Protein chains: 2
Amino acid sequence: MEEKETKMLKFRGKEYPCCASLTMGIIGGKWKTVILYHLMKEKLRYNELRKSMPTVTERTLSLQLKALEEDGLIKRKVYTSKPPLKVEYSLTDFGKTLIPIIKSIAGWGDYVVENYSR
Amino acid sequence: MEEKETKMLKFRGKEYPCCASLTMGIIGGKWKTVILYHLMKEKLRYNELRKSMPTVTERTLSLQLKALEEDGLIKRKVYTSKPPLKVEYSLTDFGKTLIPIIKSIAGWGDYVVENYSR
DNA sequence: CCGTATCCTCCAGGATACTG
DNA sequence: CAGTATCCTGGAGGATACGG
């Protein structure tokens, strides 16, 4: 009679088995934390982001930005409607709640590079 | 003449464009942080881990444990050589340097569930 | 009990060309 | 400048059965 009923956590329609996997579902993937890391310091235009991330493709950057925007972590502001367009990306207030995490993630990366790089 | 030369970071033979992506390369993926999250509190046996992670498959859990062990984040200790085996997984000292990150990742997940769950 | 061995699916991310 | 539109590929992760 007893169902497994392993209390799944929900956010934006997706289910996660624990709080850690929920966070990783939102900021996981190859590029999301990198984008957030750059936007943490300052708002940036599309091309500025691209230059900060030399190995990402246009399509992938575009998709990741859209996903982050849909999850409410970043906002997209258009300044000119006539080409050349000017678009700036920045963290939302919700996105800013991630700053401590991004900082510790970046900090640990630096620590590893300094002490174990090879 | 000037090469792009975008100083890549290296760890265990892989290259990353920035410190944040290096960290995510090591603890990213669907299950690694979940495993570390459970091992952070206590060492656990294979089956205990499985029960903590009801939706992971045996094969995937096995592969992720092996990857974490290869990166030096967890250690595997075998207690009996005759079946039934007893194997315990725990964080290494290096793995323990991740505890602050895991805690903030888990904490943010909890925060989101409390304030935005739907 | 603690995994491996096979086989398979799916989609994140890449390459490239093109547009408002 | 800031993206879409197509097409494609590799590998993460899943399902299931079996082995020490």
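All values derive from a computational prediction rather than experimental measurement. Proteins come first, then strands; the chains are lettered A, B, ... in the order of their sequence lines, and each starts at number 1.
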>> Taking the minimum atom-to-atom distance to the side chain of B:E58, which one of D:dA17, D:dG14, C:dA17 wins?
In response: D:dA17
>> Just the rounded figure in Å: distance from P of D:dG13 to CG of B:L68.
In response: 11 Å
> How close or far is atom C1' of C:dC2 from atom CD of B:E69, stated in whole angstroms?
Replying inline: 14 Å
>> So, OP1 or OP2 of D:dG14: does either fall under 4.0 Å of a side-chain N or O from B:T60?
In response: yes
> What's the spacing between A:D71 CG and A:F11 CZ if we round to 0.5 Å?
Replying inline: 5.5 Å
>> As a test of reading the structure: which of C:dG13, C:dC1, D:dG3 is closest to the side chain of A:V87, going by heavy atoms?
In response: D:dG3
>> In whole Å, I'd like the distance from the CH2 atom of B:W31 to the P atom of D:dG11.
In response: 22 Å
> Do B:L91 and B:I99 come close enough that some side-chain heavy atom pair is under 4.5 Å?
Replying inline: yes
>> For a quick check of understanding: with a heavy-atom distance under 4.0 Å over all strands, which category does B:R76 fall into, base, sugar-phosphate or nothing?
In response: sugar-phosphate
> Can you check the A:E48 CD to D:dC1 P distance for me, whole Å?
Replying inline: 11 Å
> Between A:P84 and A:L63, which is nearer to the 5' end of DNA chain C once each is assigned its nearest nucleotide?
Replying inline: A:L63
> Just one of A:K77, A:K43, A:R45 clears the salt bridge (Lys or Arg N to Asp or Glu O under 4.0 Å) bar with A:E88, so which one?
Replying inline: A:K43
> Mind checking whether B:F94 and A:W108 have ring centres under 6.0 Å apart?
Replying inline: yes
> To the nearest angstrom, how far is A:K43 atom NZ from D:dA2 atom P?
Replying inline: 13 Å
> Between C:dG14, D:dC1, D:dG20, which one does the side chain of B:L85 approach most closely?
Replying inline: D:dG20
> Which part of the nucleic acid, if any, lies within contact of B:K66, taking any heavy atom under 4.0 Å across all strands shown: a base, the sugar-phosphate backbone alone, or nothing?
Replying inline: sugar-phosphate
> Rounded to the Å, how far apart are B:K32 NZ and D:dG11 P?
Replying inline: 14 Å
> Just to confirm, is there a sub-4.0 Å distance from OP1 or OP2 of D:dG14 to any side-chain nitrogen or oxygen of B:K30?
Replying inline: yes
> Quick one: do A:E69 and A:R76 make a salt bridge, cutoff under 4.0 Å?
Replying inline: no
> Hey, does B:R59 reach any base, or is it just sugar-phosphate, or nothing, if we go heavy atoms under 4.0 Å?
Replying inline: base
> Looking across every strand, which nucleic acid part, if any, lies under 4.0 Å from A:Y89 by heavy atom: base, sugar-phosphate, or nothing?
Replying inline: sugar-phosphate
>> Once you apply a heavy-atom cut-off of 4.0 Å, does B:K82 come out as touching a base, just sugar-phosphate, or nothing?
In response: nothing
>> What's the closest nucleotide to the side chain of A:S62 if the choices are C:dA15, D:dT4, D:dC1?
In response: D:dT4
>> In whole Å, I'd like the distance from the CD atom of B:Q64 to the C1' atom of D:dG13.
In response: 8 Å
> For A:Y79 and D:dA2, what is the distance between atoms OH and P respectively, to the nearest whole Å?
Replying inline: 12 Å
